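Here is how names work: the chains are called A, B, and so on, in the same order as the sequence lines, proteins then strands, and each is numbered from 1. Keep in mind that what you see is a predicted model, and the values were worked out from it rather than measured.
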2 protein chains.
Amino acid sequence: MTSRTQNIVDVEVIGWQAQKSAGTRNAILESAIACIVEFGYAGATTTAISRKAGLSRGAMLHHFPSKLDIIRGAVEHLHNKRLKAFRRAMSRVAAPTEDRVALGVDAFFDHVRHPMFVAFFELSVAARTDPELAGILRPTQEAFEAEWYRTAKEVFPEWQGRDEQFDIALDLSRYVMEGLAVSSLTHRGSESDKRILKYLADKLHELRDA
Amino acid sequence: MTSRTQNIVDVEVIGWQAQKSAGTRNAILESAIACIVEFGYAGATTTAISRKAGLSRGAMLHHFPSKLDIIRGAVEHLHNKRLKAFRRAMSRVAAPTEDRVALGVDAFFDHVRHPMFVAFFELSVAARTDPELAGILRPTQEAFEAEWYRTAKEVFPEWQGRDEQFDIALDLSRYVMEGLAVSSLTHRGSESDKRILKYLADKLHELRDA
DNA sequence: ATTGAAACCGGCAGCGCTGACTGTTAGCGT
DNA sequence: ACGCTAACAGTCAGCGCTGCCGGTTTCAAT
């Protein structure tokens with residue numbers, strides 16, 4: 001109870017009441033992400049975003065002067081959420097369990113099936129033909145990729161010294177699971193996911209023990 | 001010479017001179033595909049398509065009354081081209097060579113790096129949030145996928161009887177190479193392609209000889 | 001209580017895209 | 001030679017999206 005009160009006081013001190021409309025910013029960014037997932041990047045218009053966020057377009061443009069500002073904010077927001085989710089998942093994998101490889105595969109597959117992945121995917125595809133969006137996205141993607149490699153090395157120390165095999169394992173995992181995810185997005189969801197994931201886990205074990 | 005004259009006569013008989021504007025239809029469809037690759041599906045406007053095709057918008061709308069008609073035609077056009085290219089590539093793989101698996105990997109990787117794949121990819125992504133486009137695309141995708149499985153079984157008869165391994169090999173190939181291709185589209189081209197492709201070929205050999 | 005800033009709303013103009021229209025030219029059948 | 005049809009050009013209205021501006025309410029500070 002004390003800490004909760006303290007928390008409220010903190011909020012009141014740091015940001016004054018009106019600042020609570022940081023919640024509005026948050027709602028706008030969440031809405032933008034939801035619209036990208038639901039309507040695609042081209043269909044994520046400012047009208048749709050403001051409506052789903054529950055305020056008028058004019059009010060939204062008060063917080064974010066232009067559409068690109070919204071996108072910029074949404075990318076950053078997504079990046080933070082994705083990093084946090086990824087670290088949480090990885091901390092579970094890091095625990096000393098019998099088969100951490102299988103856990104890692106499951107974790108990464110969960111990540112790749114999450115709506116956040118869909119949003120990043122849509123953004124990436126749009127960025128291919130939109131240099132401005134590409135400029136926004138590139139640093140974020142590189143940051144996540146670097147974090148991914150770093151964390152993977154950290155979580156699987158037993159691979160130390162077999163860099164070649166480890167890199168292959170990471171590439172293989174990434175391509176198989178991203179390919180799988182993209183396939184299930186564009187074509188309809190497949191039925192043979194389990195089979196190929198089991199094969200992938202087998203091969204990762206081989207690469208580790210070779 | 002005779003055959004050439006005969007040919008001209010044939011053309012004149014079957015299709016009258018004005019029918020040569022079937023070439024115009026072809027140019028429009030090629031332009032549509034090029035625009036999808038260059039500007040993305042959302043950026044492939046009728047204006048851009050007509051300009052790249054070298055005629056006025058009004059003239060283009062004479063051949064294809066609506067934009068969706070153009071897309072329909074472009075999808076069909078793409079499908080035919082892709083099937084032909086695929087069969088040509090597979091006929092080379094079918095020849096009795098020392099390592100047909102490696103040839104197959106190379107062939108499919110070429111296919112996946114071809115602009116046609118980019119076009120289909122853009123269309124697939126757009127179709128995720130565009131039911132009408134999805135309706136156009138689905139039969140085509142399924143037809144190609146079916147042809148892919150059929151041809152693969154035909155080209156690699158030595159796999160006969162090991163259906164389980166064969167299906168895994170096909171899924172693995174597809175996901176790895178599509179994942180690779182998509183990655184090189186959205187992120188920048190990677191440098192470790194060769195390494196993972198070599199690993200893939202190794203594993204395919206194992207699956208064949210296991 | 002008054003003032004000022006910030007959150008919010010509604011409306012407006014500009015722009016690009018689509019689809020439909022009218023007008024022009026060239027080739028084919030009779 | 002004549003008329004018809006089809007390929008082509010150019011223009012127009014309608015529509016949706018973006019960005020901006022004026023107006024209103026709410027809240028904190030003095």
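- Rounded to an integer number of Å, the gap from CZ of R25(B) to P of dC8(D) is 12 Å.
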Watson-Crick and G-U pairing of DNA chain C, under 3.5 Å, as dot-bracket with | and [ ]: ||||||||||||||||||||||||||||||
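- Distances shown here put every side-chain N or O of H63(B) at or beyond 4.0 Å from the OP1 or OP2 atom of dA6(D).
- Taking atom CZ on F64(B) and atom P on dA20(C), their separation rounds to 16 Å, with Å as the unit.
- The distance between atom CG of L55(B) and atom C1' of dG10(D), rounded to the nearest whole Å, is 13 Å.
- For L68(A) and dT18(D), the CG to C1' distance is 12 Å, given to the nearest whole Å.
- The interatomic distance linking R51(A) (CZ) with dG10(C) (C1') rounds to 16 Å, in whole Å.
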Derivation and outcome, side chain to side chain contact (heavy atoms under 4.5 Å, CB included), residues R195(B) and D167(A): CA-CA 10 Å; R195(B) 197 209 306 148; D167(A) 287 348; 3.2 Å; yes
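- The aromatic rings of W159(A) and F156(A) sit perpendicular to each other, their planes meeting at more than 60°, with 30° as the lower class boundary.
- Within the 6.0 Å centre-distance limit, the rings of F144(B) and F86(B) are counted as a close aromatic pair.
- For S56(B), the side-chain atoms get nearest to dC8(D) when compared with the rest of dC8(D), dC17(C), dC8(C).
- Between T46(B) and R57(B), the side chains place a donor N or O and an acceptor N or O closer than 3.5 Å (distance only, hydrogens not considered).
- T46(A) comes within 4.0 angstrom of sugar-phosphate atoms only, judged by non-hydrogen atoms across all strands, and of no base.
- Applying the 3.5 Å distance criterion, the base of dG19(C) shares a donor-acceptor pair with the side chain of R57(B).
- R113(B) and D193(B) are joined by a salt bridge, as a carboxylate oxygen and a charged side-chain nitrogen come within less than 4.0 angstrom of each other.
- Nearest nucleotide to the side chain of K67(A), out of dC17(C), dC8(C), dT18(D): dT18(D).
- Atoms CG (L61(A)) and C1' (dA13(C)) sit 15 Å apart, rounded to a whole Å.
- In this structure, CZ of F39(B) is placed 11 Å from P of dC17(C), rounded to the nearest angstrom.
- Taking every side-chain heavy atom of T45(B) into account, dC17(C) is the closest of dC17(C), dC8(D), dG19(C).
- For M60(B) and dC17(C), the CE to P distance is 12 Å, given to the nearest whole Å.
- Between H111(A) and F108(A), a ring centre-to-centre spacing shorter than 6.0 Å is recorded.
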Steps toward side chain to side chain contact (heavy atoms under 4.5 Å, CB included) verdict (K153(A), D163(A)): CA-CA 10 Å; K153(A) 288 218 177 222; D163(A) 287 358; 3.8 Å; yes
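- Regarding contacts with the backbone of dC8(C), every side-chain N or O of H62(A) stays at 4.0 angstrom or more from both OP1 and OP2.
- Of the side-chain N and O atoms in T24(A), one or more sit less than 4.0 angstrom from OP1 or OP2 of dC8(C).
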